[in-house]
Asks: 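Dropping a structure here in structure tokens format, bear with me for questions.
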Amino acid sequence: MSKLFGIVLTTITAVGHTMADDVDDLIRELNATSAAQGTDDIKSWREVFGTILDAPEAPMEIGATFNMSTVWPGMEGWSEVRDWAESNPDLFEAILAARDRATLGLPYGDLSEADEAFVEAGILAQPAPAGDPMKTEFPWIDKLNWVTTCVSAEAWRRAEAGDVMSGIDLQTALVQWLRQCCTREFIDEQYNAINSMSVALQVTREIAWWKRNEVDPDGLKNIARTILPQLKVDRNNLLMAEGDKELAKVRLDRLFSRRGQPDAKAFLEFFTDRDADAKSFGRVRNAGYWRWVARQHKPEELTAQKLDDVYDDWWRRWRIQAYDPILSAQPPESERMNSTRYAAVLKIVPEIRPLFEARNRLLVEVNGTCAALAVCAQYKKDGRWPADIRSARSNTRRLSVVDPFSIESKVIKYWKPNRLRINGHRGEVVIDSGLPVIYSLGVDTLDGDAKTHTDNGIEGDIVVWPPLRMLEREQDLRD
């Protein structure tokens, strides 16, 4: 049985139960999960998103070149961004208040008439827009990016104005709110929230580095020792989204006849209308192909069982340590199944591997930020960088600075090289003698001495301190 759903959605063939009823059942079950259920006093979506309904327009379009990772006082157009951020005080109060809430709580499906303003603003989570389970729309994610960009801009503005700890505290509150956003039922939602949380942690470290001579060591210690360890993003607390699985079951009902056999017309209409992603199958998408697949495809009962097998396999992998060799010993179920006889499963189930990578990266970002802020606090207190991470141990907890990619569960790496060149996002970054480097071993679990950095750690190590994006700015490698 799914961990998220107490009642498995089943195909009901009784007279009177329509396809629309299946969608209603799906929405009802989704809204009974921890992602959406509960009283208003434990939810944060209405208070946070309500503050931006009539907010001033951003000075530029939020996207690849203007987002949480690109805003900072040295950017082009900073004066306009600073003024925009300062003009949204209600949002920042809402973020600070939301840190104590339990969940985002945004409902799935249509909102009530009383929430018409949210509907018009696109603050929606629609697994089956207009009752069509073959489509999904989550426009609230765009508003999430608006919020994170504006809040981070304000955190930088406060730090620039000399109110450093107020800025860092606001950014930390954003991290806490994003943790609530990670508890969603669909991969698209969870993936975006997890990535946003990782970037928000990076920005926290960047501000601390930028104002390392002005921070309050006790304030950093409180964040590293108390606040961040409570985020609980480990494999036992941050659970894998499973809403896509339940949606897939409803979709399968549309692709098979009442006798449980593949419906060639439904296969043709659905799969040829989907976005082209030929690389998933390595075959040409055309009408003749999908008619042929429908003839070869397994019946609905076996297809539904294979769907369960795929998610059971991913669920087991989610609970395994990031470095466990069992992950590579056998390909996942989704790669072992017959791509023709179970084509519907392969096409309907979204790619989940990036979600695993994002979760593992988040573990490093949280623990790395604990270590970085602890070290920064010790630097401000002593006037020099600590000789080793043990000298800053009182500022955090040991379990909070363990490297998720360390087979022996050792603490994250810390060393002070004479001089180091790190191959990062924009070429080589120079680390001057005496500066400490804090880094994770990355996916290969090998110590590369931080000579190569990638955000996801698939190649090289993951450097968390000094924050490379700030060094790249200081060394004119990025704007």
Asks: Using every non-hydrogen atom in the two residues, find where Met60 and Met75 come nearest and quote the distance to one decimal.
Replies: CE-CE, 4.4 Å
Asks: For Gly63, does its backbone N or O pair with a side-chain atom of Asn67 as donor and acceptor, under 3.5 Å?
Replies: yes
Asks: Look at the aromatic rings of Trp290 and Phe267 and report parallel, tilted or perpendicular, splitting at 30° and 60°.
Replies: tilted
Asks: The test is side chain to side chain contact (heavy atoms under 4.5 Å, CB included); show your working for Met337 and Lys298 and say whether it passes.
Replies: CA-CA 12 Å; Met337 73 174 75; Lys298 291 288 187 179; over 6 Å; no
Asks: Is the ring pair Trp156/Trp72 parallel, tilted or perpendicular, if the boundaries are 30 and 60 degrees?
Replies: perpendicular
Asks: What closest approach, in Å, do Ser152 and Met68 show between heavy atoms, and which atom pair accounts for it?
Replies: OG-CG, 3.1 Å
Asks: Could you check if a side-chain atom of Met134 sits within less than 4.5 angstrom of a side-chain atom of Glu269, using non-hydrogen atoms only?
Replies: no
Asks: Could you go step by step and tell me if Val349 and Tyr342 meet the side chain to side chain contact (heavy atoms under 4.5 Å, CB included) rule?
Replies: CA-CA 11 Å; Val349 173; Tyr342 294 107; over 6 Å; no
Asks: Could you tell me whether a side-chain N or O of Gln190 sits under 3.5 Å from a main-chain N or O of Ala241, the two making a donor and an acceptor?
Replies: yes
Asks: Check for a donor-acceptor pair, side chain of Arg251 on one end and backbone N or O of Pro133 on the other, with a separation under 3.5 Å.
Replies: yes
Asks: Between Ser400 and Pro229 (side chain of the first, backbone of the second, donor and acceptor by atom type, cut-off under 3.5 Å), is there such a pair?
Replies: no
Asks: Output the distance between atom CG (Leu178) and atom CZ (Arg99), rounded to the nearest 0.5 Å.
Replies: 12.5 Å
Asks: Is any side-chain heavy atom of Cys181 closer than 4.5 Å to a side-chain heavy atom of Trp140?
Replies: yes
Asks: For a quick test of reading the model, state the closest non-hydrogen atom pair linking Gly457 to Ile462 and the distance between them.
Replies: CA-CG1, 3.4 Å
Asks: If you compare all heavy atoms of Leu124 against all heavy atoms of Pro139, which two are closest, and at what distance to 0.1 Å?
Replies: O-CD, 3.3 Å
Asks: Are Asp169 and Arg158 close enough for a salt bridge, meaning some N to O gap below 4.0 Å?
Replies: no
Asks: Tell me if a side-chain donor or acceptor on Gln180 pairs with a main-chain N or O of Ala98 at a distance below 3.5 Å.
Replies: yes
Asks: Keeping Asp115 on the side-chain end and Phe118 on the backbone end, is there a donor-acceptor pair under 3.5 Å?
Replies: no
Asks: Are the aromatic rings of Trp314 and Phe356 close, with centres under 6.0 Å apart?
Replies: yes
Asks: Do His453 and Tyr439 have ring centres separated by under 6.0 Å?
Replies: no
Asks: Taking the side chain from Trp465 and the backbone from Trp209, do they hold a donor-acceptor pair closer than 3.5 Å?
Replies: no
Asks: If the threshold is 4.0 Å, N to carboxylate O, is there a salt bridge linking Asp313 and Arg317?
Replies: yes
Asks: Quick one: are Val233 and Met197 in side-chain contact, heavy atoms under 4.5 Å?
Replies: yes
Asks: Do NZ/NE/NH1/NH2 and the carboxylate oxygens of Lys249 and Glu246 come within less than 4.0 Å?
Replies: yes
Asks: Nearest heavy-atom pair of Pro73 and Glu160: which atoms, and what distance?
Replies: CB-OE2, 3.7 Å
Asks: Using every non-hydrogen atom in the two residues, find where Asp25 and Arg28 come nearest and quote the distance to one decimal.
Replies: OD1-NH1, 2.7 Å
Asks: Quick one: which of Arg359, Arg179, Arg205 gives a salt bridge (Lys or Arg N to Asp or Glu O under 4.0 Å) with Glu365?
Replies: Arg205
Asks: I'd like to know if the side chain of Arg184 and the backbone of Leu106 have a donor-acceptor N/O pair within less than 3.5 Å.
Replies: yes
Asks: Just by distance, do the side chain of Arg82 and the backbone of Ala153 share a donor-acceptor pair under 3.5 Å?
Replies: no
Asks: Run the salt-bridge test on Lys245 and Asp308 with the 4.0 Å N-O cut-off and return the result as yes or no.
Replies: yes
Asks: Dump the intermediate steps for side chain to side chain contact (heavy atoms under 4.5 Å, CB included) on Glu47 and Arg101, then the final yes or no.
Replies: CA-CA 11 Å; Glu47 283 69 28; Arg101 298 295 177 95; 3.6 Å; yes
Asks: State plainly whether the residues Asp455 and Arg469 are in salt-bridge range, i.e. N to O under 4.0 Å.
Replies: no
Asks: State whether the side chain of Asp403 and the backbone N or O of Leu441 hold a donor-acceptor pair below 3.5 Å, judged by distance alone.
Replies: yes
Asks: Run the side chain to side chain contact (heavy atoms under 4.5 Å, CB included) test on Thr183 and Ser34 for me, step by step, so that the C-alpha distance in whole Å, both residues' side-chain angles and the decisive distance to 0.1 Å come before the verdict.
Replies: CA-CA 8 Å; Thr183 307; Ser34 59; 4.0 Å; yes
Asks: Going by the angle between their ring planes, with limits at 30° and 60°, are Phe66 and Trp84 parallel, tilted or perpendicular?
Replies: tilted
